[in-house]
Every structure is written in structure tokens, then in C-alpha cells.
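Here the structure comes first, spelled out in C-alpha cells, and everything after it is commentary.
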Amino acid sequence: MSKYNLFSKKKLGILDIIGIPVHYCPFYTISIAVVSFFSGIVPTLSLLATSHFINSSILFFTEGLGGTHIKMSVLAIILCTVYLSFSPLLMEYLNRKLENSLMENFSVSLIGRIASLKYEYLEDDSSLDLISRVSRQPETQCVKSYGQALGAFSLILKIIGIMSVLLFNVAWAALAIALIAIPTFRIAIRGGKENYEANRECEKHIRKAGYLSEILTGRNAAKERTLFNFSKKVNDWWHKQYEIARNIKFKASLKWLKESEIGGTLTSLLIAVIILILVFPLKTDLLSIGLFISIVNSILSLIPDLAWQLPEYTEAIAESKEYLEDFTKLLSLKYKNEYLCVPSENPTTLYRIEFRNVTFRYPGTQRDVLKNLNLIIERGMHYALVGANGSGKTTITKLLTGLYEEFEGDILINGISIKTYSQQELKSMFAIVYQDFAKYEISLKDNIALGDVNSYSTQRLEEAIEESGLKELVQELPRGIESSIGRIVKESIDLSGGQWQRVAIARTLVSNASLRILDEPTAALDPVKESQLYENFEKINHGKTTLLISHRLASTKLADVIYVIEEGTVSEQGNFDELMKINGSYAEMFHSQRRWYENEN
Ligand code: ADP
């Protein structure tokens, strides 16, 4: 028997509604199936016991016979009733256990898979929507689907049981009920599909609304929100997105409700007619009184089942099928398990990096962002990338660090193609301060130590604090480097923009990587701290290779080689003096910044 492996499947089908829980949590899954099975057959047993009880009682009171039969059928009725009232509670307990257990293994594996997706999907809206749909409480989705499938199974057992009794006694009534069930079924399946499609459409608007709500209530935009007083305007945008999402959902559920209500009313009417018709076989002794009463009873209990329960189950199953289709799409996204590994403990030393005729466009776009780009980075030297916004500077760093792997031309690291290096090796080579660096609201120490997840020495941590200019701050903090920073817990201390940026710089300094990439690393620093950082640049980077992206051209004076990037290609290169001498774009940009300072004076 081949082993069930969810994450290596090409396509998920309706059977995976059962396959997933059975694989991840067989005990509770099977227990739920057993309870459902009995919930399906007990109503038929109860029907037979009731009919037997009525017939035996009539016999006992008219002819004084069958006392033991009465006792046996009463016992059977009691057992059935106890089971039927106890099973929902048992089912609830088992469902919770199953959900809990799936959270531990299935959801964790799914999150692992999502975390190992190629980086390009995280910059693409439709992939982000898909990820958000699939990863929203997958364990609940899974338990719900399984529960609904078993609910339907148990209901079908119940219907088959009652119908079989009918079939043996009055076949046409059984056939009539079967005919009623088919259209109800079809309406439900269509409803389920429409509902999920509506959900899918909603997701886009919910994501936008979520983002706008973050602007309205979050901390990032708090100052600007107060200053520009744009809450009302953003609120209107939020409301618009929210309304669109609500309307789509409302329309879909209204349509479903109308259809199921018509179906439900028709079902109830038809069943009432069938009950009336059953009076005839009773008259002609084709049906005993006991069987007539208990069949009528059972058919009455089938009304809500057929009218509401069954359509609801089938709708939910159709929804689950759509979820599985999304899951299949997620499984088709490119991933690598190695994206999850930590950087190698023994970082590869970088001697030389060469971009050779590199041309690159983002997946799904038509424009080359890098065009035949050539540049060289040598060990121990300082480099700067300058150029207008959108010229491709950050894209160069994304390719260099392996975030995008498909490009034309070659990127050679120590003379070997970047494609031959493992993610672990690549990650160990680079430390980066991003323009939009992250602010982790944890302790200052952990914040900095994240720069080296393998190991860091206290000495390196202290050096990083000193070199990034954080020493004074650490002395002022109540618990020193152990203090929580941010606002997430009450005793946390919030930092200024510049302090946060220095924390991000310290994170890079603590890393063992041999190339440090600094993307606008001083934008939030005050002029004194910025100058200090650049004055200490050589000392801080003790012999490391650095790649600085900056619009402050004065800071690029420190670089051994400056690459000017224009429309995805290197238009000028050389040190500061050389570039000033050729009097090209760099010199023009430099003069225009200098003029600004001189006019100020
Ligand atoms: P720079 O860092 O020089 O300001 P970038 O490298 O960030 O420029 O961007 C270069 C170009 O690539 C820009 O036109 C930008 O719009 C485009 N771009 C950046 N990221 C993506 C993406 N994920 N998908 C499509 N286009 C992108």
C-alpha cells in the first residue's frame, strides 16, 4: 500500500477530506467515523424497536401475549434514545480533540510548506490571497469538512435504513422519497460552489480592508493619522472594501437561502402527501399499526434532515472541494525545503562576486528590470550602488541573496554559478540592513542576536552594540539589553526611529557573514549619529566587504567602487574622484545635492 503523502500530491480530491485527518490523527478520526456510523443506523433500529413495541403492546392488551417482547423493545428504545442524546456530546469532544491534534501536526506542516515557498510569491498579490485562504485555520477547515462529510454519511445511512424498511413494506413510498432527495442535493452542491467562489472574491477585498484597518488603528500610521486627520477618508475606503465583501457574501447566501427554502418547503409538502398516502396500505393491512406509527414518526424526523441538514452538508462538502482545489494550487507553487534551513554555521568566505550580463524581469511581468548588467565585488572592498528610484538597485541585492533564482546571464560567486550554492550557504554569506527593516518587539538582546541564529558570543554582541551607537541606550534601559522594546508588553520601552534603525544595524554587525549589504542604512539617524557611523565605517566593517545603497552621495565617497545604475544597467563605475572626473550622471547628482547644502549656508 502506498503511503499517504499530502504534500507530494499533484491534486487533492474529495477523498482527501478523509485522507488528511486519517493520516494525521487516525485514532480520533476513526472514533468519529464509528460514532457517525452508529448515529446513522440507530434511528432505523429505534424505528424497528418502536414498531415492535407498539405491535407487541397491542397483542398483549388484546390477547395477553408477548410480555417479554415488550420488555425487550422498551430496552432497545431506551438504549437508542440514550445513544442519540449522548452522541452529539461525544462527537463534540472528539472533534475538539481532532482539531487540537491537527493543529499540532497538519497545520504545522502546512505552515512549514508555506514558509518554504519561493520568495517571489510573497511579492505577488494573487499568491498572497491564495496563501491567506488556505492557511486560515486549516485545522478547523479540515475538521469541519470531515464532520460534514460524516454528517452526510450518517444521514444517508439513516435515510437508507428508513427507506429499506419502507421498501420492504411499501416500495413506492421509498422511491418517492429518493426522487425528492435528488433535486435538493443538486441545489445544495451548486450553492456550496457559489458560496466558496463568493468567499474567494471576498478575500481580495478583506485583505485590502484589513490593510486599511491597520492604517486606521495601527501604530505605524498613528502620527500621520493624527496630523493629517485622514481617518475619515481612510475609513470611507475601508468601509467601501468592507461593503463590497459583505455584499458579495450576502448576495450569495441570500440566493442559497432562497433556493434551499423553496427546496425545503417542497420537500415538506411532498413528505406530508406521502404520509397521507401511507394510510391506504394501513387500511389494507400491508402495514401494521406499529410500523405505520414509527414510519410516520421517522419520516417526520426526515423533514428537517432532508430540507435543511442534507443541503447544508452537501453545500459544506462542495465548499470543502473548492478549498481542496485551492490547496492543490498551493501545492503546485514552487518551494524548497532548504528555504527553511538556518544559515550554514561555517560561512563561505566571499572572494569575488561577478554579475555577468544579467538580465532579469519579475515573474508575470513584461519588462526587464535588469538589462545586461555587469558588476564585480571583490573581498574586503567597499562598494556603493547609486541611481534613481526604480533603477534596479534593490533587485540586484535580491538576486545576489538568492531570493529570485531565474535570470539570464551568470552570477558567479568565487567563480562558481550562484545556482550551485545551497540556500544554507547563500544565507551564511550575506547580512543585510533593509530600507524597511523590521522592528521586533522582543528583548533588545534577542533583537540583535537574530542576526546570527546559530551562535553569537557575548563579546560580539557587545561590540555590535558599541559600533552601532547603542551603548548609551543600553545603559539607560531598566534591564539593560534584557529589556523588552516596542509596545507589545506593558513594561516595554519604545524606541525612536533612529534607535530602531541602529538595532537593525547591530543585527547585521553580529552576523558572521562576509558581505554586508546596507540599503539606506542611515535614513532614520540624526546627522551626528549618521556622521559617527560613517566615520567609524572602516573600523566597524573590519575588513568585511560592504555594499552600500544610498541616495546620500556624500556617504558613497567612502566606497572603493561606486556603481551608477540607470534603467537596470551599470552606466558609470569608479571611485569618487574618477566619477567626478568623467563628469557624468554621478557628478551631476553629486553637484545637485551639494548645491542644496551650499544654498542652505
Ligand atoms: P530601486 O531599488 O533602484 O529603487 P528596485 O530594484 O526596487 O529599484 O525596482 C526596480 C523596478 O522593479 C521598479 O520599476 C519596480 O517597480 C520593479 N519591481 C520591484 N519589485 C517588483 C515585483 N515584486 N514585481 C514586479 N516589479 C517589481
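Each ligand, and each atom within it, is numbered from 1 in the order the structure gives.
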(message) Tell me whether the rings of Tyr586 and Phe590 are parallel (<30°), tilted (30 to 60°) or perpendicular (>60°).
(response) parallel
(request) Please work out which of the three classes, parallel, tilted or perpendicular, describes the rings of Tyr563 and Tyr383, given edges at 30° and 60°. (result) parallel
(message) Checking Asn374 against Arg356: is there a side-chain donor and acceptor pair closer than 3.5 Å?
(response) no
(message) Is the distance from the ring center of Phe106 to that of Tyr24 below 6.0 Å?
(response) yes
(message) Can you see whether Tyr362 engages Lys398 through a side-chain donor-acceptor pair at a distance of less than 3.5 angstrom?
(response) yes
(request) Output all residues satisfying side chain to side chain contact (heavy atoms under 4.5 Å, CB included) with Ser483, sequence neighbours left out; order by chain, then residue number. (result) Leu477, Pro478, Arg479
(request) Quick one, list the residues around ligand 1 where some non-hydrogen atom comes in under 4.0 Å, by chain and residue number. (result) Glu123, Tyr362, Thr365, Arg367, Val369, Ala388, Asn389, Gly390, Ser391, Gly392, Lys393, Thr394, Thr395, Lys398, Tyr404
